[in-house]
Amino acid sequence: QAENAFKRALEIDAKVPIAYGRFGKHYLRRGLAEQALPLLQTAVERDSKRVAYQLDLARALELAGRSADAVGAYQKVCQQEPSNVTAQSELGELLRKTGDRVGAVQAYGKAAALDAGAYPVRISRAELLSELSRKEEALAAFRDHEREGLCHTVWTFIAPFIGGLCNCDRSDCLAMQATVTHQFPV
């Protein structure tokens, strides 16, 4: 039904970028990058100032396996709207996946600077700093986490198996609750 409604909207007025953008996003949500791409590209061409279209285009390019093009699209979003935390963090994740750890650290750092509560981004950045042998920066990132009240835990379950690493708020830390409250050491 949604596809028919979008097609009808394009038949009525094919110049309106929002119809292309929303139709492209519809396909993107369904994981259909090849159908989403031409629609999102048209939306961006018709309204290049609307960052939402560009961000969805970057996501569709990534989904289609066009990582280099996706990086360029994410960078364009970040240039146009430097305060877009989502774009910075998604760019960081894509750069990490493609092996550009230095670029990922930079993107994650920008996202973390924009949103101090973006803990997964900050943790990913600290992990990458450690992997890059930038130990002092990694330790500084973890010290910042500690100043904010985050708790670092290593979940071993049955040693020597490491089940997880976590940096979370003490009030909702499952490892702390399991160990202290329920006497079930994690």
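Residue numbers start at 1 and run along the sequence shown. Everything numeric in this text was worked out from a predicted model, so none of it was measured.
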[atom1]-[atom2] distance between [X] and [Y], expressed to the nearest 0.5 angstrom:
| X | Y | atom1 | atom2 | value |
| --- | --- | --- | --- | --- |
| Asn84 | Leu91 | CG | CG | 11.0 Å |
| Leu57 | Tyr74 | CG | OH | 10.0 Å |
| Gln35 | Leu40 | CD | CG | 11.5 Å |
| Arg101 | Gln106 | CZ | CD | 13.5 Å |
| Gln54 | Gln41 | CD | CD | 12.0 Å |
| Cys78 | Lys110 | SG | NZ | 7.0 Å |

* Verify same cluster id: Leu28, Ile18 (apolar side-chain graph, 4.5 Å) -> no
* To do: Check the hydrophobic clustering (I, L, V, M, F, W, Y; side-chain heavy atoms under 4.5 Å; chains of links allowed) and say if Leu95 and Val102 are grouped together.
  => no
* Please examine the side chains of Glu45 and Tyr20, heavy atoms only from C-beta on, and report whether any two atoms are closer than 4.5 Å. => no
* Asked: Between Asp47 and Lys49, is any pair of side-chain heavy atoms under 4.5 Å apart?
  -> yes
Could you report the tightest heavy-atom contact between [X] and [Y], atom names first, then the distance?
| X | Y | value |
| --- | --- | --- |
| Ser67 | Leu94 | O-CD2, 3.9 Å |
| Tyr108 | Ser124 | CE1-CB, 3.5 Å |
| Ala111 | Ser89 | CB-N, 3.9 Å |
| Pro82 | Gln88 | O-NE2, 3.7 Å |
| Leu37 | Ala60 | CD2-CB, 3.7 Å |
| Ala73 | Leu61 | CB-CD1, 3.9 Å |

Check salt bridge (Lys or Arg N to Asp or Glu O under 4.0 Å) between [X] and all other residues, then give those that pass, not counting sequence neighbours.
| X | result |
| --- | --- |
| Arg29 | none |
| Lys25 | Asp56 |
| Glu90 | Arg59 |
| Arg50 | none |

* Quick one: does Glu34's side chain have a donor or acceptor within less than 3.5 Å of a partner on Ala64's backbone? -> no
* By ring-ring contact (aromatic ring centres under 6.0 Å, His included) - contacts of Tyr53 (at least two apart) -> none
* Just wondering, are more than 12 heavy atoms of other shown residues or ligands nearer than 6.0 Å to CZ in Arg96? -> yes
* Structure fact -> Residues passing the side chain to side chain contact (heavy atoms under 4.5 Å, CB included) test with Ser83, sequence neighbours excluded, are Glu81, Leu114
